[in-house]
**Q** 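Just passing along the structure, written as structure tokens.
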Amino acid sequence: MKKILSFSVLVAVIAVMTCCSADDPFEDYNADNGWNNGGNMSGGSSATTGELATFDIEIDKTTAEPTTTAAEYLPDEEDALENNEFTTEVSIDMSNPVSKTENGVEVTVSGSHVTANHGEVKKVCYVVRGTTTNGSLTVLGDKKYAVKLNGASITNPDSAALNLLSSKRAFVILADGTTNTLADGTGGTQKGALYCKGKLLFNGSGTLSVTGNTNNGIHSADYIVFNKGNNIYVKSTANHGIKANDGVFINGGILNVEVSAAAAKGINSESHIVVTGGRTTVLTTGGGTYDSDERQAKGAAGIKTDSTLTVSGGELRLKSTGSGGKGISADGEATFSGGSVYVITTGSQYRSNNDTSSPKGIKADGNITVSSGCIWVRTSGTNGEGIETKKELSITGGEIACYAYDDAVNSKSTMTISGGYVYAHGQHNDGLDANGNCYIKGGTVYAICSGSPEVAIDANTEGGYKLYVEGGNIVAVGGLENGSSLTQSCYQASSWSANTWYALNVGNNTFAFQTPSSGGSGLVVSSVSQPTLQSGVSISGGTSYFGGLGITGCTVSGGSSVSLSSYSGGNSMGGGPGGGPGGWR
């Protein structure tokens with residue numbers, strides 16, 4: 001039965017873990033193997049089982065926030081609600097709005113459309129309640145202010161429902177225990193159903209639902225901050241769910257986003273995106289499209305930043321089902337130092353006007369750095385890669401598990417793994433693929449390729465680069481790149497059995513792993529000292545990784561000893577399942 005990645009499952013995974021732009025038209029060219037568009041995938045396919053292959057992602061509006069949080073990030077200390085006072089309250093009832101001047105604030109009404117202007121008046125808090133199906137609230141003023149939504153439902157068929165036109169800070173407070181809704185129609189030229197000209201700062205523990213039918217759901221011309229306690233749902237049928245010009249900062253709360261337009265982004269920022277807490281779920285269902293102005297094919301993305309992405313706490317759950325769709329797309333660096341990230345893409349490559357947008361779980365044009373946290377990625381559509389950086393990849397800790405249609409983990413430059421737990425399974429290509437040097441210096445690496453000519457761990461030897469094995473525990477189904485520098489000795493089994501539990505024993509330490517149902521020929525292992533290998537073992541206890549495909553610290557019983565011989569690199573090994581059932585034992 002397909003599993004839904006519920007909060008309870010995530011908590012369990014985290015507990016276990018405590019042990020856990022448009023694309024370049026040549027992005028599918030691999031210096032080692034040529035074009036990754038199906039032509040070079042002659043090595044069969046590889047499949048696996050377990051939770052990594054079956055977990056799903058869906059909208060979850062439950063109010064329990066995850067406990068994996070980091071220090072909150074605020075661009076300015078003035079962005080904290082507790083550092084401000086809004087004691088001048090002005091009440092607005094959208095069910096029966098009244099023109100008035102109150103405490104120096106001018107409120108004017110035209111039909112059900114309300115405009116409030118506080119001018120130079122400080123500490124103003126607009127308390128908004130009531131329902132309108134053909135109205136709006138517009139706020140003007142020269143000082144920062146608060147809008148407390150206290151059971152408000154505003155639908156404007158012609159423009160924004162909440163139009164915050166002051167360029168000063170806007171604190172939107174969701175009153176505790178209240179339900180609030182904002183929606184626009186299919187007409188107008190508004191940038192969002194909720195539009196803010198200044199900094200948009202969400203606070204409070206009420207709920208808010210925002211629906212954008214003309215453009216974005218929520219749009220700020222400055223930056224947006226989400227805080228603990230928020231419970232916000234955003235839907236857009238026309239463009240992005242959440243759009244910010246100067247950054248998106250998620251410190252907590254429950255944030256759910258759904259977008260369905262072609263190439264739409266769930267969360268789109270022209271500047272940095274920082275996640276320190278909360279649970280953010282994004283579903284994108286739109287396919288790819290061709291941007292005639294930029295002359296590029298584009299796909300949807302759960303999160304898109306024109307700058308950097310930093311994740312240090314909280315949870316991200318991202319699913320993209322359209323052609324060319326991505327979970328995360330960053331034009332700059334992507335840094336993961338805590339929290340949990342779960343990504344699924346199911347769409348295939350999008351092609352138009354001799355350009356392509358390929359599906360990817362996590363894609364960054366800058367370096368990708370992982371030092372802690374948990375990252376799970378699954379891509380199932382044609383040409384879907386798991387994690388890809390156009391520059392360098394560095395993994396020093398955490399848990400990374402990728403089960404991808406194409407390369408599981410790919411770097412266009414140097415790849416270095418010196419810690420953590422890494423599972424990289426390429427269904428139709430390599431497990432780990434570096435187009436520069438690849439360094440394995442530490443950690444535990446379990447890599448699987450589809451079959452010859454692919455390898456489990458690949459480096460660009462044709463370009464003069466090399467795979468360096470210098471440390472760590474390694475299990476490679478499909479072997480290592482030919483010509484590798486093996487400072488740490490590697491060993492090969494004469495054959496391996498599919499869907500079987502093995503135990504790699506290094507002194508008193510054991511790493512147990514389940515083999516895939518198919519994969520590359522040959523099984524290679526390596527560790528700091530000469531290991532022993534057992535097959536057909538029974539496992540009890542221990543700490544689980546990769547959705548149950550790897551276990552450390554476990555008790556092993558039964559099984560039989562596997563003969564190991566010295567290995568120097570290359571995938572032309574005898575025995576093993578290869579790409580199909582032939583040779584299985």
Side-chain angles (χ1 to χ4, degrees), residues 65-84 144 146-147 164 167-174 192 194-205 208 210 216-234 240-257 265-282 301-318 327-341 362 364 366 369 373:
E65 290 192 39
T67 58
T68 54
T69 60
E72 69 176 14
Y73 178 84
L74 295 174
D76 191 298
E77 62 180 12
E78 195 176 346
D79 295 330
L81 181 60
E82 58 267 26
N83 293 337
N84 295 270
K144 60 186 176 182
V147 175
L164 306 178
S167 60
K168 303 301 181 180
R169 281 179 173 79
F171 291 82
V172 174
I173 302 170
L174 309 177
L194 192 171
Y195 175 74
C196 184
K197 188 175 182 180
K199 299 170 177 62
L200 180 57
L201 314 166
F202 286 97
N203 292 270
S205 58
L208 173 64
V210 182
N216 307 309
I218 297 174
H219 186 137
S220 170
D222 208 300
Y223 56 73
I224 304 175
V225 179
F226 297 95
N227 289 301
K228 187 175 181 180
N230 298 166
N231 194 328
I232 299 173
Y233 170 77
V234 183
H240 312 311
I242 297 168
K243 165 72 175 178
N245 292 11
D246 294 333
V248 175
F249 309 103
I250 303 173
N251 292 317
I254 306 301
L255 182 59
N256 289 281
V257 183
K265 283 43 175 192
I267 300 174
N268 188 358
S269 173
E270 295 179 18
S271 187
H272 311 292
I273 294 179
V274 177
V275 181
T276 66
R279 185 178 70 245
T280 300
T281 304
V282 181
I303 288 178
K304 169 66 170 71
T305 169
D306 295 349
S307 182
T308 63
L309 170 73
T310 302
V311 179
S312 57
E315 298 169 7
L316 292 178
R317 310 178 187 181
L318 313 171
I328 292 173
S329 178
D331 289 354
E333 295 184 354
T335 302
F336 302 88
S337 60
S340 301
V341 179
I362 299 174
T369 302

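Starting from 1, each residue takes its place in the sequence as its number.
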**Q** Please determine which of I224, V257, I267 meets the side chain to side chain contact (heavy atoms under 4.5 Å, CB included) test together with I218.
**A**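 Of the listed residues I224, V257, I267, the side chain to side chain contact (heavy atoms under 4.5 Å, CB included) partner of I218 is I224.
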**Q** Got a second to check how far N245's CG is from S220's OG, nearest 0.5 Å?
**A** 7.0 Å
**Q** Kindly give the heavy-atom pair with the smallest separation between G247 and S271, and that separation in Å.
**A**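 So the minimum-distance heavy-atom pair works out to N-CB, 3.7 Å.
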**Q** Is there a donor-acceptor pair closer than 3.5 Å between any side-chain N or O of N256 and the backbone N or O of Y233?
**A**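 No; zero donor-acceptor contacts below 3.5 Å.
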**Q** Salt bridge between K199 and D76, side-chain N to carboxylate O under 4.0 Å?
**A**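 Answer for the salt bridge query: no.
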**Q** Give the C-alpha distance, both sets of side-chain angles, the deciding distance and a yes or no for side chain to side chain contact (heavy atoms under 4.5 Å, CB included) between V341 and I328.
**A** CA-CA 10 Å; V341 179; I328 292 173; 4.2 Å; yes
**Q** Got a second to check how far F249's CZ is from D79's CG, nearest 0.5 Å?
**A**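 Answer for the CZ-CG pair, F249 versus D79, is 8.5 Å.
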**Q** Atom NZ of residue position K144 - does it have more than 12 heavy atoms of other residues, nucleotides or ligands inside 6.0 Å?
**A** yes
**Q** With side chain to side chain contact (heavy atoms under 4.5 Å, CB included) as the criterion, how do Y73 and I250 come out once you've worked through the C-alpha distance, each side chain's angles and the decisive distance to 0.1 Å?
**A** CA-CA 8 Å; Y73 178 84; I250 303 173; over 6 Å; no
**Q** On a heavy-atom basis, which atom in G278 and which in P66 lie closest, and how many Å separate them?
**A**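 Looks like O-CG, 3.2 Å.
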**Q** Quick one: which of L208, I173, L81, L255 gives a side chain to side chain contact (heavy atoms under 4.5 Å, CB included) with F202?
**A**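 Single side chain to side chain contact (heavy atoms under 4.5 Å, CB included) partner of F202 among L208, I173, L81, L255: L208.
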**Q** Can you list the steps and then say if T310 with H272 is a side chain to side chain contact (heavy atoms under 4.5 Å, CB included)?
**A** CA-CA 8 Å; T310 302; H272 311 292; over 6 Å; no
**Q** For the CG atom of D331 and the OG1 atom of T305, what is their distance to the nearest 0.5 Å?
**A**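 Answer rounded to 0.5 Å: 7.0 Å.
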**Q** Kindly give the heavy-atom pair with the smallest separation between H240 and N268, and that separation in Å.
**A** NE2-ND2, 2.9 Å
**Q** Do the non-hydrogen side-chain atoms of L164 and K197 ever get within less than 4.5 Å of each other?
**A** no
**Q** Could you check whether any side-chain heavy atom of L318 comes within less than 4.5 Å of a side-chain heavy atom of I303, counting everything from C-beta outward?
**A** yes
**Q** Of N251, N203, V248, which is the lone residue that meets side chain to side chain contact (heavy atoms under 4.5 Å, CB included) with F226?
**A**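 Of the listed residues N251, N203, V248, the side chain to side chain contact (heavy atoms under 4.5 Å, CB included) partner of F226 is V248.
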**Q** Any salt bridge between E78 and R169, counting N to O under 4.0 Å?
**A** yes
**Q** Does T335 form a side chain to side chain contact (heavy atoms under 4.5 Å, CB included) with T308? I'd like the steps, not just the answer.
**A** CA-CA 8 Å; T335 302; T308 63; over 6 Å; no
**Q** Would you give the length of the straight line joining atom CD1 of I242 to atom CD1 of I273, rounded to the nearest 0.5 angstrom?
**A** 9.5 Å
**Q** Please check this pair: side chain of E65 against backbone of G229, looking for a donor-acceptor N/O pair closer than 3.5 Å.
**A**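 Here the side-chain-to-backbone pair exists.
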**Q** To the closest 0.5 Å, what do you measure between CD (E270) and CG (D306)?
**A** 6.0 Å
**Q** Would you say E77 has more than 12 foreign heavy atoms packed within less than 6.0 Å of its CD?
**A** no
**Q** Identify the residue among E315, R279, R317 that makes a side chain to side chain contact (heavy atoms under 4.5 Å, CB included) with S340.
**A**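 Result for side chain to side chain contact (heavy atoms under 4.5 Å, CB included) with S340: E315.
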**Q** Minimum heavy-atom separation for P75 and V225, please, with both atom names.
**A**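 The answer is CD-CG2, 4.3 Å.
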